[in-house]
Amino acid sequence: MSTAAPTPRDTWTVPEKPGLDGLEGRWGATWQDQGTYRFDRSAERADVYSIDTPPPTVSGSLHVGHVFSYTHTDTIARYHRMRGKAVFYPMGWDDNGLPTERRVQNYYGVQCDPTLPYDPAFEIPRPTSELSAAEKKKHRDQHISRRNFIELCNHLTAEDEKAFEHLFRVLGLSVDWGLTYATIDDRSRRVAQRAFLRNLERDEAYQAEAPVLWDIDFRSAVAQAELEDREREGAYHRVPFTRAGDGEPIFIETTRPELIPACVALVAHPDDERYQPLFGTTVRSPLFGVEVEVRAHTLADPEKGSGIAMICTFGDITDVTWWRELQLPTRSVITENGRFQTETPEWIAASGDGALEAYGELAGKNVKQAQRRIVELLREAGALDGDPKPTTHPVKFYEKGENPLEIITSRQWYIRNGGRDAGLRDALLERGRELHWHPPHMRVRYDNWVNGLNGDWLVSRQRFFGVPFPLWYPLDDEGLPRYDAPILATEADLPVDPSSDLPPGGAFTADQRDQPGGFTGDPDIMDTWATSSLTPQIATAWEEDADLFARTFPMDLRPQAHEIIRTWLFSTTVRSHLEHDSLPWRNTAISGWVLDPDRKKMSKSKGNVVTPLEFLEQYGADAVRYWAASGRPGTDTAFDEGQLKIGRRLAIKLLNASRFALGLGGGDGAAQVNDLSLVTEPLDRAMLADLATLVEDATVAFDGYDYARALERTEAFFWQFCDQYLELVKSRAYGGQGDEAAWSAQAALQLSLSTLLRLFAPFLPFVTEEVWSWWQQDSVHNAPWPDASELRDAAADGDPQAFAVAAEALGAVRRAKTEAKRSLKWPVTKVVVVDHEPRIKALGRVIEDVREASIAAEIVLEVGAEASITVELAPEPDEPPADA
RNA sequence: GGGCGAUUGGCUCAGAUGGUUAGAGCGCUGCCUUCACACGGCAGAGGUCACAGGUUCGAGUCCUGUAUCGCCCACCA
């Protein structure tokens with residue numbers, strides 16, 4: 001712990017005309033050179049504060065949202081550093097996953113085709129934005145191999161990372177830039193693969209053939225956490241099934257008539273008397289004549305539609321529930337590309353020529369086309385009762401997708417997350433309670449999510465740029481993979497790419513790949529969250545550097561945004577619970593969003609994104625940080641350029657007030673008055689007593705992660721300090737009441753300045769460092785956080801009331817001068833203050849300061865019930881006042 | 001459908017465990033430039049604290065309900 005008191009130099013020089021320009025570049029370079037923010041690896045765990053910095057998605061754009069939330073974290077990091085902690089503050093880059101793939105596709109106009117061989121001579125194409133229209137046409141969708149594609153991903157993300165690092169450095173994040181990682185780098189891949197292998201060993205990961213939500217454009221499975229609902233137009237189609245015995249029509253209503261060929265049953269509520277007689281009997285579907293059973297299930301809503309629904313495999317998630325719980329057969333017709341399979345399904349073929357013919361009309365069509373056609377067919381067959389009734393209803397989409405998700409059956413990897421296991425779910429809910437949430441109400445979202453899980457975590461993705469599953473399958477004599485006998489990578493070999501590396505142990509040779517009797521690599525990659533969920537383990541070098549890990553894990557803080565509680569925060573908790581039987585961190589600080597001035601969430605698509613670098617250049621980093629730090633934890637905040645101006649003004653004020661406080665005594669080489677016993681004057685002591693209270697408040701606020709409160713209190717004090725205290729003390733500090741009174745003022749000014757600079761340092765790192773450098777050694781950012789008790793000692797018998805009444809009296813004098821339209825320098829012949837006795841006594845102790853600041857010849861104090869302040873200005877002179 | 005949060009002067013927001021005339025800043029108005037600061041300073045005007053009840057000696061602050069906005073979650077045929 002570095003608790004040494006700040007050490008001012010013996011003499012110092014204050015710049016004549018201090019300014020803010022260029023501070024970012026100058027101090028950024030100095031901090032880098034001097035390792036100001038370097039993590040001290042020798043610190044014990046108890047003296048370390050470790051932060052699980054969110055790795056920004058580098059393929060995204062830089063926006064003020066980054067500036068906002070990263071500044072919040074930085075203020076907390078700086079606070080703990082000043083409290084003497086060794087702050088472990090790494091930076092990661094999230095370059096793994098779909099956003100990068102899409103960006104590379106668009107940026108270079110290429111498509112990944114995994115069937116193509118690697119082309120070592122492939123050159124990085126020019127960005128499509130630089131191509132002429134003719135060139136664009138020619139280059140459109142150039143197909144390249146997976147490995148070439150991944151090289152492009154790496155190339156582009158490296159560029160993106162530079163831009164992010166530049167922004168973060170200009171912003172003044174006190175990250176240790178020696179501690180960076182990327183979610184696709186070797187260590188991340190090792191950690192992700194190792195954690196997965198461990199999950200597999202402990203049966204926390206498993207493979208299953210099951211219905212999954214499927215994006216037909218990306219041709220990949222999608223996890224529950226990546227879903228979103230979108231309102232879509234649809235229509236209820238009223239369609240008759242026919243009862244087996246008497247051919248009576250049973251009407252169902254559906255928004256997806258095209259799934260009639262995939263129907264496996266009808267279902268109604270067990271208490272629904274209308275349908276009770278049908279339970280256990282069979283009906284035939286229209287057009288296809290396929291016989292299906294009528295079943296009972298409590299999820300069927302008698303109020304909805306006709307009260308009886310058709311179950312298809314699969315139209316929506318409810319279908320999956322019914323299918324599972326009623327143990328229905330699987331009859332899927334939609335394939336991975338979102339089209340109806342071309343081959344006629346057997347259960348339809350078995351139903352006769354009419355069915356065959358009807359299916360032929362749908363085969364190969366996409367969902368929309370098939371729906372249009374089947375409605376025509378139903379109408380022709382007289383199997384559509386009335387016109388479809390338009391409706392809007394929520395439809396599930398992949399959050400990055402453009403078409404509704406389909407549900408298809410496929411083989412995927414899962415990690416247990418409590419979605420199917422009440423014991424694990426309860427344990428994870430308990431972890432949520434164990435974690436300290438800032439602000440606390442954010443935990444509700446975690447609880448909501450965990451309680452709403454309806455399955456385990458699907459972690460496999462049928463994509464290219466990501467961490468591969470570290471395993472292979474033997475192929476049988478027919479060349480089919482033996483999924484029940486995967487060959488696992490050994491931990492020492494990680495990271496591996498099963499599509500190019502061989503299984504361990506020399507059991508196979510390269511020419512046996514994809515040959516009957518040989519082997520094949522698992523083709524899938526992990527969900528990007530499967531890697532991101534391990535950021536604590538990646539950053540702290542789990543199983544890679546035992547010493548570092550022991551000093552930094554479990555971490556102290558996870559800062560993040562609220563919309564990814566269900567994904568990032570939850571999945572990280574799951575992995576740590578499974579691997580370490582602990583929380584990954586003790587605290588989480590949830591930041592809000594930046595809204596545009598119309599209170600809409602800022603987003604690229606809306607075109608209202610503000611680019612942060614322009615503002616950093618125009619107003620300075622401290623001003624931008626000031627705005628960001630004013631946003632309360634967890635609260636959405638509107639972007640307000642006006643706040644940047646205020647922040648800049650605050651920074652400038654700090655320069656000028658410091659110049660005054662440090663420039664007293666005149667000339668350069670001003671003498672240091674660093675002896676607290678010199679503070680004898682009542683006004684000085686009163687101010688220090690207030691300052692001690694401020695330090696206590698700011699400390700409590702920071703300990704509760706309420707940086708915004710700490711800033712607000714410090715700022716409010718500082719403006720009072722400048723407007724009232726500096727004016728009241730100015731004359732005396734210059735020597736107006738003798739040397740000892742002047743030294744008291746100077747010592748108090750230096751002590752308060754030192755304190756205020758340190759209180760502001762987490763928010764305004766550049767200007768505080770600049771001022772600090774005028775008179776102190778070392779960096780303010782490694783100086784100890786102010787100590788309230790030390791200030792209390794210096795304040796001694798200081799009475800805050802004395803400061804308050806003095807400021808009031810000075811205010812009354814200023815008001816009188818303003819109302820008389822006189823300069824504040826205008827002399828006053830007499831001030832009469834009437835007030836209650838304690839206030840008059842308090843004012844009496846500081847009367848000389850008030851008199852001099854008022855430029856008053858005389859101040860008369862009277863005790864009285866009716867408080868008043870009467871100001872008598874000097875008359876208009878024939879000549880300028882002599883002593884003004 | 002369930003839940004969380006918000007609602008304070010024209011704007012952006014403070015108002016921890018209920019207690020004297022509800023605070024800031026921006027904007028607006030007026031005044032003031034040698035001696036820290038015109039990238040300033042001083043002062044002024046401006047609020048029935050969303051609404052309706054209730055608890056209390058006393059409510060912006062607690063309780064109940066209502067409205068509006070935002071968000072999270074949900075099995076939405």
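Everything numeric here is computed off the predicted structure, so don't read it as measured data. Sequence lines set the chain letters: A, B, ... in the order given, protein chains first and strands last, and positions in each chain run from 1.
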Identify which nucleotide among [options] has an atom closest to any side-chain atom of [X], counting heavy atoms from C-beta outward.
{"X": "A:H441", "options": "B:rC35, B:rG5, B:rC71", "answer": "B:rG5"}
{"X": "A:D723", "options": "B:rG3, B:rG15, B:rG41", "answer": "B:rG41"}
{"X": "A:R659", "options": "B:rC42, B:rA14, B:rC37", "answer": "B:rC37"}
{"X": "A:N656", "options": "B:rA77, B:rC37, B:rC31", "answer": "B:rC37"}
{"X": "A:H393", "options": "B:rC71, B:rA77, B:rC73", "answer": "B:rA77"}
{"X": "A:R815", "options": "B:rA43, B:rC76, B:rC39", "answer": "B:rA43"}
{"X": "A:N454", "options": "B:rC75, B:rG30, B:rG25", "answer": "B:rC75"}
{"X": "A:R632", "options": "B:rC35, B:rC72, B:rC13", "answer": "B:rC13"}
{"X": "A:K653", "options": "B:rC73, B:rC71, B:rG41", "answer": "B:rG41"}
{"X": "A:A300", "options": "B:rA77, B:rU12, B:rA74", "answer": "B:rA77"}

Run the salt-bridge test on [X] and [Y] with the 4.0 Å N-O cut-off and return the result as yes or no.
{"X": "A:D21", "Y": "A:R648", "result": "yes"}
{"X": "A:E712", "Y": "A:R709", "result": "no"}
{"X": "A:K730", "Y": "A:E852", "result": "no"}
{"X": "A:R230", "Y": "A:E228", "result": "yes"}
{"X": "A:D316", "Y": "A:R256", "result": "no"}

Measure [atom1]/[X] against [atom2]/[N] and give the value in whole Å, please.
{"X": "A:E233", "N": "B:rC76", "atom1": "CD", "atom2": "C1'", "value": "15 Å"}
{"X": "A:D636", "N": "B:rU7", "atom1": "CG", "atom2": "P", "value": "13 Å"}
{"X": "A:Y626", "N": "B:rU12", "atom1": "OH", "atom2": "C1'", "value": "11 Å"}
{"X": "A:E303", "N": "B:rG1", "atom1": "CD", "atom2": "P", "value": "14 Å"}
{"X": "A:W593", "N": "B:rC69", "atom1": "CH2", "atom2": "P", "value": "17 Å"}

Under a 3.5 Å cut-off for both distances, is [N] Watson-Crick or wobble paired, and to whom?
{"N": "B:rU56", "answer": "none"}
{"N": "B:rA74", "answer": "none"}
{"N": "B:rA43", "answer": "B:rU29"}
{"N": "B:rG18", "answer": "none"}
{"N": "B:rU7", "answer": "B:rA67"}
{"N": "B:rG23", "answer": "B:rC13"}

### Message
Pick the closest RNA chain B nucleotide for A:E231 and for A:K17 by heavy atoms, then say which residue is nearer the 5' end.
### Response
A:K17
If you look at every strand shown and take non-hydrogen atoms under 4.0 Å, does [X] touch a base, only sugar-phosphate, or nothing?
{"X": "A:I646", "answer": "sugar-phosphate"}
{"X": "A:T254", "answer": "sugar-phosphate"}
{"X": "A:K396", "answer": "base"}
{"X": "A:D706", "answer": "nothing"}
{"X": "A:E727", "answer": "base"}
{"X": "A:K730", "answer": "base"}
{"X": "A:T318", "answer": "sugar-phosphate"}
{"X": "A:I652", "answer": "base"}
{"X": "A:A657", "answer": "base"}
{"X": "A:C312", "answer": "nothing"}
{"X": "A:I308", "answer": "nothing"}
{"X": "A:W322", "answer": "base"}
{"X": "A:R649", "answer": "sugar-phosphate"}

### Separation between OG1 of A:T768 and CG of A:L756, rounded to the nearest 0.5 Å
11.5 Å
### Query
Distance-only, no hydrogens or angles: does the A:T635 side chain make a donor-acceptor pair with backbone N or O of A:G631 under 3.5 Å?
no
### Task
Please answer whether the main-chain N or O of A:G315 pairs with a side-chain N or O of A:D319 as donor and acceptor at a distance below 3.5 Å.
yes
### Task
Would you state whether a donor and an acceptor, one from the side chain of A:R709 and one from the base of B:rA14, lie under 3.5 Å apart?
no
